[in-house]
Amino acid sequence: MVCAYNGPMRDHGETIIFHVRATDPRNSQQMVYECVGFPMAHAKAAELRMSGYKDVVTSMAAAASETASQGT
């Protein structure tokens, strides 16, 4: 499951996508949030940690052109 997190801090000139992955402490489900820009990803990761989520990891998403070329 990928949830977009584009709150009020979004810089409209930012194009780098980050993924924040975390494990829900209630049901051990892996959650993935897609964030635009590092400040937004950092804020989401901090929010998840403060909410008790485990194994919070931030990673950079692959560019669309890289993803397409890796599949061939």
Side-chain angles (χ1 to χ4, degrees):
M1 168 187 272
V2 176
C3 303
Y5 182 73
N6 298 319
M9 289 177 29
R10 181 175 181 186
D11 176 4
H12 294 286
E14 184 71 62
T15 59
I16 299 173
I17 305 294
F18 290 87
H19 288 159
V20 179
R21 292 174 172 77
T23 304
D24 190 330
R26 295 171 293 178
N27 56 16
S28 297
Q29 181 179 2
Q30 183 78 22
M31 304 296 293
V32 179
Y33 295 88
E34 188 175 86
C35 304
V36 177
F38 182 73
M40 190 62 61
H42 181 70
K44 186 61 180 176
E47 176 187 331
L48 290 169
R49 287 185 186 104
M50 289 187 291
S51 297
Y53 280 71
K54 300 179 283 185
D55 307 321
V56 179
V57 176
T58 303
S59 62
M60 196 177 224
S65 60
E66 290 176 17
T67 304
S69 65
Q70 290 175 353
T72 57

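Under a hydrophobic clustering in which Ile, Leu, Val, Met, Phe, Trp and Tyr are joined whenever their side-chain heavy atoms come within less than 4.5 Å, directly or via other members, M60 and F38 fall into the same cluster.
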Stepwise, does the side-chain contact (heavy atoms from CB on, under 4.5 Å) test hold for V36 with I17? CA-CA 5 Å; V36 177; I17 305 294; 3.7 Å; yes

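To the nearest 0.5 Å, atom SG of residue C35 and atom NE2 of residue H42 are 12.0 Å apart. Expressed to the nearest 0.5 Å, how far CD of Q30 lies from CG of D55 amounts to 7.5 Å. Annotation: the span from E34 atom CD to M40 atom CE amounts to 12.5 Å, rounded to 0.5 Å.
Contacts classified as salt bridge (Lys or Arg N to Asp or Glu O under 4.0 Å) and involving residues 20-32 (residues at least two apart or in different chains) are given here: D24-R26.
Between T58 and A41 the shortest heavy-atom distance is CG2-CB, 4.0 Å.
Using a 4.5 Å heavy-atom cutoff, the side chains of Y53 and P25 are in contact.
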